[in-house]
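What follows is one structure encoded as structure tokens, with my remarks underneath.
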Amino acid sequence: MVLNEAGNMIKKWYEKIDDKFPDVELGEYIIMPNHVHFILIRTDTVGANPCVRPVSPPKDLDNEITSNDSDKPNQTGHNQGEHMGSPLQKIIQWFKTMTTNEYIRGVKENKWPAFPGKLWQRNYHEHIIRNQPAYEKITDYILSNPQKWEQDSLYQQSHLDNSYTL
């Protein structure tokens with residue numbers, strides 16, 4: 001893929017993810033004219049704080065819970081049961097916000113093609129990579145994605161009207 005200005009802008013913001021979220025390392029990626037694939041590698045503990053319930057809550061004589069300590073920080077500074085590290089949805093939200101705002105500036109200031117509706121789809125697809133063979137399979141899928149571009153419906157349309165975004 002040869003990136004245009006918009007594609008280079010997407011690349012710029014992808015490469016800033018690990019600056020904004022220091023517990024994330026960047027993996028392989030590909031920016032396509034109508035979508036992007038990338039791997040984010042967690043460098044911290046993934047999941048809920050391991051001290052979800054370190055002590056039993058105090059009970060009164062009727063065996064009813066009288067207080068809830070789940071919203072109080074524990075030894076690690078996290079609330080009990082709270083997600084540790086940067087939540088994926090916050091990373092993706094930040095990435096989409098930064099790229100959408102800059103794309104809008106590109107439309108206004110650099111005459112980039114306007115996009116109807118939203119630049120990004122409402123949600124995103126995620127997959128947890130659990131081992132090296134899975135990592136290699138997904139990496140191969142990402143890096144071979146440009147060879148599949150000619151079968152994409154947007155590719156067909158772009159050759160009819162000479163336009164595609166990224």
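Both backbone and side-chain heavy atoms feed into the values below; hydrogens, waters and symmetry mates do not.
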Exercise. Please state whether the rings of Phe95 and Trp120 are parallel, tilted or perpendicular, taking 30° and 60° as the class boundaries.
Key: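 It falls in the tilted class, 30° to 60°.
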Practice problem: If the plane angle is over 60° it's perpendicular, under 30° parallel, otherwise tilted; pick one for Trp13 and Trp94. | Solution: perpendicular
Non-hydrogen atoms of [X] and [Y] that approach each other most closely:
X	Y	result
Pro22	Thr43	O-OG1, 3.8 Å
Asn123	Gln121	O-CG, 3.1 Å
Tyr103	Pro113	OH-O, 2.6 Å

Quiz item: Step by step, would you call Met9 with Leu3 a side-chain contact (heavy atoms from CB on, under 4.5 Å)?
Solution: CA-CA 9 Å; Met9 177 272 298; Leu3 300 178; over 6 Å; no
Starting at [atom1] of [X], measure out to [atom2] of [Y] and round the result to the nearest 0.5 Å.
X	Y	atom1	atom2	value
Ile142	Ile39	CD1	CD1	4.0 Å
Leu88	Phe21	CG	CZ	9.5 Å
Ile41	Ile129	CD1	CD1	7.5 Å
His37	Ile31	NE2	CD1	11.5 Å
Asp18	Leu26	CG	CG	4.0 Å
Arg42	Ile128	CZ	CD1	10.0 Å

Above 12 or not: heavy atoms from other molecules or residues under 6.0 Å from [atom1] of [X]?
X	atom1	result
Lys137	NZ	no
Lys12	NZ	yes
Lys11	NZ	no

N/O donor-acceptor pair under 3.5 Å between [X] side chain and [Y] backbone:
X	Y	answer
Thr99	Lys96	yes
Asn8	Asn4	yes
Asn110	Trp112	no
Asp23	Ser86	yes

Quiz prompt | Modelled atom types, side-chain donor and acceptor of Glu28 and Tyr135, under 3.5 Å | solution = yes
Practice problem: May I ask you to check whether His125 and His127 place their ring centres under 6.0 Å from each other? | Solution: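 No.
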Practice problem: Side-chain contact test, heavy atoms from C-beta onward, threshold under 4.5 Å: evaluate it for Val36 versus Met32 and give yes or no. | Solution: no
Exercise. Would you mind reporting whether Leu40 and Ile91 have side-chain heavy atoms less than 4.5 Å apart?
Key: yes
Quiz item: Can you list the steps and then say if Thr139 with Leu143 is a side-chain contact (heavy atoms from CB on, under 4.5 Å)?
Solution: CA-CA 6 Å; Thr139 297; Leu143 298 178; 3.8 Å; yes
